[in-house]
J.: 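Can you read through this structure? Questions will come right after.
By convention here, the first residue in the shown sequence is residue 1.
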Amino acid sequence: CDAVVDLDEKITFKDHFEKFAGLLIRRGGRCLRGLRFADFIAPGEDHERFQEAVHEASDEPAGDEERGKAAPNTASVKKDLKPSLLNLRMRDAMGNKVKVELYHVPYASLSGHTHHLVGIREDSDEGAAGGLGACGGREAVLRTDIALR
């Protein structure tokens with residue numbers, strides 16, 4: 001993957017992920033923490049397919065993720081969380097559509113909500129330019145030994 005991000009039950013970034021920001025040429029800009037992941041997906045069919053995949057991974061209503069209003073204590077985690085692969089387009093900082101493969105792995109958080117690890121791989125061989133981090137230059141480090149249920 002070119003970038004891996006960790007999303008909470010509201011499908012927002014749990015921290016700033018510099019590699020994701022670089023993939024979409026957003027280095028040196030706003031911190032990603034708290035922003036909705038779906039806002040970076042091209043509108044239309046791709047956006048709808050992503051929302052559907054997230055909805056299938058949790059028992060939260062599909063409309064709540066789209067509006068970012070999932071109630072923190074009302075979500076329940078499905079017993080059989082299954083990873084999925086989506087081919088879709090994201091938007092870079094200039095509004096260009098970037099073809100990506102998105103590897104979505106839902107997991108049960110300690111609070112009992114469905115959280116999401118998302119790996120993103122650009123479909124082209126083009127790389128992203130370097131720059132300074134938006135959250136003080138530190139990139140979040142993800143634990144990859146999370147036990148999936």
Side-chain angles (χ1 to χ4, degrees), residues 1-72 75 77-78 81-109 111 113-146 148:
C1 290
D2 296 321
V4 177
V5 299
D6 196 4
L7 308 174
D8 63 18
E9 70 275 4
K10 296 178 186 176
I11 320 303
T12 61
F13 291 94
K14 290 173 63 175
D15 209 332
H16 182 72
F17 299 93
E18 192 65 32
K19 288 183 180 181
F20 177 78
L23 179 67
L24 297 181
I25 316 170
R26 295 180 181 269
R27 294 189 184 257
R30 282 179 57 191
C31 180
L32 295 172
R33 187 180 308 118
L35 297 180
R36 295 181 326 157
F37 183 80
D39 290 345
F40 295 91
I41 298 174
E45 183 180 320
D46 289 336
H47 193 271
E48 292 172 18
R49 284 192 349 217
F50 174 74
Q51 294 296 341
E52 174 106 3
V54 168
H55 172 65
E56 289 177 10
S58 68
D59 289 331
E60 300 169 26
D64 285 350
E65 287 96 11
E66 186 170 343
R67 291 186 298 275
K69 296 180 181 177
V77 177
K78 285 188 175 182
L81 298 174
K82 296 179 182 171
S84 60
L85 170 65
L86 295 168
N87 289 299
L88 49 78
R89 292 164 294 167
M90 301 193 84
R91 295 180 314 184
D92 69 12
M94 296 175 281
N96 298 316
K97 292 179 181 175
V98 179
K99 289 183 179 182
V100 298
E101 290 179 338
L102 192 140
Y103 303 90
H104 171 237
V105 181
Y107 68 95
S109 71
S111 62
H113 294 98
T114 302
H115 285 206
H116 310 267
L117 281 177
V118 180
I120 302 105
R121 183 180 155 288
E122 189 173 1
D123 265 354
S124 72
D125 291 334
E126 296 178 32
L132 296 176
C135 292
R138 291 186 57 189
E139 179 178 3
V141 177
L142 294 177
R143 288 186 56 197
T144 57
D145 60 344
I146 297 172
L148 298 177

J.: Does a side-chain heavy-atom distance below 4.5 Å link Phe37 with Leu32?
T.: no
J.: Nearest 0.5 Å, please: how far is CD in Glu52 from NE2 in His55?
T.: 7.0 Å
J.: Would you give the length of the straight line joining atom CZ of Arg36 to atom CG of Asp8, rounded to the nearest 0.5 angstrom?
T.: 12.0 Å
J.: Would you say Met94 and Ile25 make side-chain contact, with heavy atoms under 4.5 Å?
T.: yes
J.: Provide the closest heavy-atom pair for Cys1 versus Gly119 in the form atom of the first, atom of the second, distance.
T.: SG-CA, 3.7 Å
J.: How far does CD of Gln51 sit from CD1 of Ile41, to the nearest 0.5 angstrom?
T.: 7.0 Å
J.: Which atom pair, heavy atoms only, marks the closest approach of Asn87 to Asp46?
T.: O-OD1, 4.2 Å
J.: Supply the atom-to-atom distance His116 NE2 to Thr12 OG1, rounded to the nearest 0.5 angstrom.
T.: 10.0 Å
J.: With rounding to the nearest 0.5 angstrom, report the CG to CG distance, Leu24 to Asp2.
T.: 10.5 Å
J.: Residues in side-chain hydrogen bond (donor to acceptor under 3.5 Å, both in side chains) with Ser111, at least two apart?
T.: Ser109, His113
J.: Can you tell me how far apart CD (Glu9) and NZ (Lys14) are? Round to the nearest 0.5 Å.
T.: 8.5 Å
J.: Closer than 3.5 angstrom, by distance alone: can the side chain of Arg91 be matched with the main-chain N or O of Asp39 as a donor-acceptor pair?
T.: yes
J.: Ignoring hydrogens and geometry, is there a side-chain-to-backbone donor-acceptor pair from His16 to Arg33 under 3.5 Å?
T.: no
J.: Ile120 vs Val5, test: side-chain contact (heavy atoms from CB on, under 4.5 Å). Steps then yes/no.
T.: CA-CA 8 Å; Ile120 302 105; Val5 299; 4.2 Å; yes
J.: If every non-hydrogen atom of Val54 is compared with every non-hydrogen atom of His104, which pair is closest and at what distance?
T.: CA-CE1, 4.3 Å
J.: Identify the heavy atoms of Pro83 and Pro106 that sit nearest to each other, and give their distance.
T.: CA-CD, 4.1 Å
J.: Using side-chain hydrogen bond (donor to acceptor under 3.5 Å, both in side chains) as the criterion, list what pairs up with Glu101, not counting sequence neighbours.
T.: Tyr103, Arg121
J.: Report yes if the side chains of Leu23 and Phe17 come closer than 4.5 Å at any heavy-atom pair, otherwise no.
T.: no
J.: On the 0 to 90° scale, with breaks at 30° and 60°, tag the Phe40-Phe20 ring pair as parallel, tilted or perpendicular.
T.: perpendicular
